[in-house]
Novice: 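For reference, the structure I am asking about is given below.
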There are 2 protein chains.
Amino acid sequence: MAVTIDEVAALAQVSPMTVSRVVNGQSKVRESTRERVMQAVGKLGYVPNRAASSLAAAQDARIALIYTNPSSAYLRELLLGVLHVTARTTFQLIIDDWEGFDAAAERKAARTLGGSVGGVILPPPLCESKVVIGELGRAGVPMVAIASGSFNPDISSVRIDDFLAGKEITEYLIKAGHTRIACVKGHPNQMASQRRFEGYKAALKEAGIAPDAQLVQQGYFTYRSGLDATEKLLSLRKPPTAIFASNDDMAVAAVSVAHRRGLQVPRDLSIVGFDDTSAATTIWPELTTVRQPIGNMADAAIDILLRAIRRKPEDHRVVVDHVMAHQLVVRDSVAPPPVLARKSGT
Amino acid sequence: MAVTIDEVAALAQVSPMTVSRVVNGQSKVRESTRERVMQAVGKLGYVPNRAASSLAAAQDARIALIYTNPSSAYLRELLLGVLHVTARTTFQLIIDDWEGFDAAAERKAARTLGGSVGGVILPPPLCESKVVIGELGRAGVPMVAIASGSFNPDISSVRIDDFLAGKEITEYLIKAGHTRIACVKGHPNQMASQRRFEGYKAALKEAGIAPDAQLVQQGYFTYRSGLDATEKLLSLRKPPTAIFASNDDMAVAAVSVAHRRGLQVPRDLSIVGFDDTSAATTIWPELTTVRQPIGNMADAAIDILLRAIRRKPEDHRVVVDHVMAHQLVVRDSVAPPPVLARKSGT
DNA sequence: GTGAAAGCGCTAACAC
DNA sequence: GTGTTAGCGCTTTCAC
């Protein structure tokens, strides 16, 4: 049926073992041999059988990705990133929805899971659940928190620097001339919200802009909460000229409210988001936002897990904190504030 | 390391084969034996090694999913559906982006792919590419078109009845009292657009509503195109009281335009979408739309492929057309038209 | 740097 | 109903 390693070996006139070495990028192969093998691989269209290789190598880990909010745009991107990784590697990915679980249910689920998987990926807010981390930790299962906002010594993490990112995007607004900059905070149960908000405050402080409590609204990462927060903000006697929403969904909501009130974005109001999910480019104007390298983060998370699984159980506990570079994505939702624009004749 | 089938067999005092039969739910096992085995499984926490079973059963197919528009919300849902299936089964999923390929590039890529995979899933618009279908067909690779809009005898398909769905959602609008119903068509390169539009026309005709060419606008499934189409529609001397957008992204755009013009949805204008992607519930009001059972469709598609792969190469050509049930999802974007509402005192 | 032997954990096919 | 035999496609280990 499919092309096997033996066929490739026969064509290249080497042993299957050599083909295996070439395919897996091992070093101890003569260059000429390697080329001959690669040629055979190309000609035959050989693709290694993952079931066989993982069985032979005993590297068939089961990795679980547990989530609680399948509708969040961010999680979608993450799942996609993980999907890309699974397509390249050998392990079984188990994905599970723990939405609405209370502490008891979480404990039970974690206990069950602990017995059947080699590693677990935890996106927020699960990566901040004491119950889950405690239970899985007791079972000796390697875990990695993804996009956790901050480092917790009990669990490895792959994340960006949410503080810095929040600070940078606020600074971008300041550089555009804004001083009345509002912030719609993210869900209080997630450290990332907190860190982004701290970044916002730090940028203001460094620029010598006095903080204004009225300009800070609590949001919950949902479109709905963004709607409410923006309404309050724009109803202020002295409304902001720019809004920093802690994620794209809320930023999209802010744009919608602005439009409904006859405000043009960015001419009358600048808006920035966070995450660079599909929502950011679905609307008009497209959103200036912060991009998390989700594909790379998924990659790194799985790498950490695989490494831990291959290690002896005794030292599963090696905890790493992998902070990846984020990126400010400048699009069309920011302009100088109206007053300045007028002054400079625009 | 992990518990194996032999350990379970030893504990239950049967052969590994019997354990296998019990675990895989085969019938020919005495009830008492089954119970004994299940008990051993439970006590040991046995979880079958997928790599081993797929290798032994020769069920380790490679299945490719090719796409051209990774940013479309619909594709995201599909990928997610496929991910759920892969989590349960054992085969290697290859996902590949052919965005921007011309006919020559498509031909080349299809030829390469044909040699290395057991089956291919083709979402629109690739499932309508003569080049791809021809090339893959020549290679004898089973294919399945997903959400293709209509049946093509050259390729198996899993889809909903787009005509019927389009008709039903239009009828829903008619039942609410609307007679000036606009349609924003989908991308002309996809049969599904055509079928949905035909459904719209059929509903109008059955209700005795004369078609009005002004109320039909060409769209391209993008938010941007929805914006333009809606602007034209609402600039009409006699604008529609309801808009049927051929997908959710365009419906969301329609809502946005309505709001910008000071129209309330659904009080002043009813809007419906299609697909029930996350966009439908991200905005306010939440969109009434048609839900495709994407998870089930992914399931069915992979099932068809797996079945075909297991068959002898000679009869790969069995082509099936699997039409699944769609669902009208009623939310908050439809109300009676303004005039009627006024008449009935609302 | 390369090859030979052995076996990963499971199930198809058959025997009983 | 249940057990036996053989082998899926690959990699490990060790020899050369």
Side-chain angles (χ1 to χ4, degrees), chain A residues 1-38 40-41 44-62 88-92 116 118 306 309-310, chain B residues 1-38 40-41 44-62 89-92 116-118 306 309-312:
Chain A
M1 203 168 86
V3 180
T4 72
I5 201 171
D6 294 290
E7 300 175 50
V8 177
L11 182 59
Q13 312 203 59
V14 294
S15 75
M17 201 47 238
T18 301
V19 176
S20 169
R21 281 194 263 258
V22 171
V23 169
N24 294 307
Q26 293 199 17
S27 44
K28 304 300 192 75
V29 179
R30 191 179 298 131
E31 194 50 45
S32 60
T33 315
R34 156 176 270 104
E35 264 171 35
R36 204 143 33 88
V37 171
M38 288 311 283
V41 166
L44 263 28
Y46 169 69
V47 183
N49 179 321
R50 286 228 259 108
S53 73
S54 68
L55 178 57
Q59 285 190 159
D60 60 305
R62 264 183 294 272
R88 294 201 332 269
T89 39
T90 331
F91 54 83
Q92 182 176 349
S116 65
L306 255 23
I309 290 167
R310 263 169 231 158
Chain B
M1 199 167 84
V3 181
T4 72
I5 200 170
D6 293 289
E7 301 176 48
V8 177
L11 181 59
Q13 312 204 55
V14 293
S15 75
M17 199 52 233
T18 300
V19 176
S20 168
R21 281 194 263 259
V22 170
V23 169
N24 294 305
Q26 292 199 20
S27 44
K28 304 299 193 75
V29 179
R30 192 180 295 132
E31 194 49 46
S32 60
T33 316
R34 155 174 271 104
E35 265 171 32
R36 204 144 32 86
V37 171
M38 287 312 281
V41 166
L44 264 29
Y46 169 69
V47 183
N49 179 321
R50 283 277 200 66
S53 78
S54 71
L55 180 58
Q59 286 188 155
D60 58 301
R62 263 185 296 274
T89 37
T90 330
F91 53 84
Q92 183 173 350
S116 64
V117 301
L306 255 25
I309 290 167
R310 263 170 232 155
R311 230 177 265 132
K312 295 281 161 287

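Predicted model only: the values in this text are computed from it and were never measured. So that the names make sense, note that chain A is the first sequence line, chain B the second, and so on, each numbered from 1.
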Novice: Are A:Arg30 and C:dT2 close enough that a side-chain N or O sits under 4.0 Å from OP1 or OP2?
Specialist: yes
Novice: Between C:dC8 atom P and A:Asn49 atom CG, what is the distance in whole Å?
Specialist: 18 Å
Novice: Using atom CE of A:Met17 as one end and atom P of D:dT11 as the other, report the distance to the nearest whole Å.
Specialist: 7 Å
Novice: Look at the side-chain N and O atoms of B:Ser54 and state whether any lies under 4.0 Å from the OP1 or OP2 oxygen of C:dC10.
Specialist: no
Novice: If you measure from CG on A:Leu11 to CZ on A:Arg36, what distance do you get to the nearest 0.5 Å?
Specialist: 10.0 Å
Novice: In whole Å, what is the span from the CG atom of B:Asp6 to the P atom of D:dT4?
Specialist: 12 Å
Novice: Whether B:Ser20 contacts C:dC10 is assessed here as follows: a side-chain N or O lying under 4.0 Å from the phosphate OP1 or OP2. Is that the case?
Specialist: no
Novice: Nearest heavy atom decides the nucleotide; on that basis, is B:Thr18 or A:Tyr46 closer to the 5' end of DNA chain D?
Specialist: B:Thr18
Novice: I want to confirm an ordering. Mapping B:Pro16 and A:Glu31 to their closest nucleotides on DNA chain C, which one lands closer to the 5' end?
Specialist: A:Glu31
Novice: Counting C-beta onward and ignoring hydrogens, is there a side-chain heavy-atom pair between A:Pro16 and A:Val19 closer than 4.5 Å?
Specialist: no
Novice: Quick one: which of A:Val41, A:Val8, A:Asn49 gives a side-chain contact (heavy atoms from CB on, under 4.5 Å) with A:Val3?
Specialist: A:Val8
Novice: Should the side chain of A:Arg34 and the base of C:dG1 be counted as holding a donor-acceptor pair, with the cut-off at 3.5 Å?
Specialist: no
Novice: Using only atom types and a distance under 3.5 Å, with no angle test, would you say the side chain of B:Glu35 pairs donor to acceptor with the backbone of B:Ser32?
Specialist: no
Novice: Which nucleotide sits closest to the side chain of A:Asn24: C:dG9, D:dT11, D:dT2?
Specialist: D:dT11
Novice: In whole angstroms, how far is the C1' atom of D:dG1 from the CD atom of B:Glu35?
Specialist: 16 Å
Novice: Taking the minimum atom-to-atom distance to the side chain of B:Ala52, which one of D:dG9, C:dC10, D:dG1 wins?
Specialist: C:dC10
Novice: From the set C:dT11, C:dT2, D:dG1, return the single nucleotide nearest to any side-chain atom of A:Arg21.
Specialist: C:dT2
Novice: How long is the line joining CD1 of B:Ile5 and P of C:dA12, in whole Å?
Specialist: 11 Å
Novice: Nearest whole angstrom, please: distance from the P of C:dT11 to the CG of A:Leu55.
Specialist: 12 Å
Novice: For B:Arg36 and D:dT2, what is the distance between atoms CZ and C1' respectively, to the nearest whole Å?
Specialist: 11 Å
Novice: Measuring from the side chain of B:Ala57 (C-beta onward, heavy atoms only), which nucleotide among D:dG1, C:dT2, C:dT11 has the closest atom?
Specialist: C:dT11
Novice: Strictly below 4.0 Å: does A:Ser53 bring a side-chain N or O up to OP1 or OP2 of D:dC10?
Specialist: no
Novice: Report the distance from atom NZ of B:Lys28 to atom C1' of D:dG1, rounded to the nearest whole Å.
Specialist: 8 Å
Novice: Of all heavy-atom pairs between B:Val23 and B:Tyr46, which one has the smallest distance, and what is that distance?
Specialist: CG2-CE2, 4.0 Å
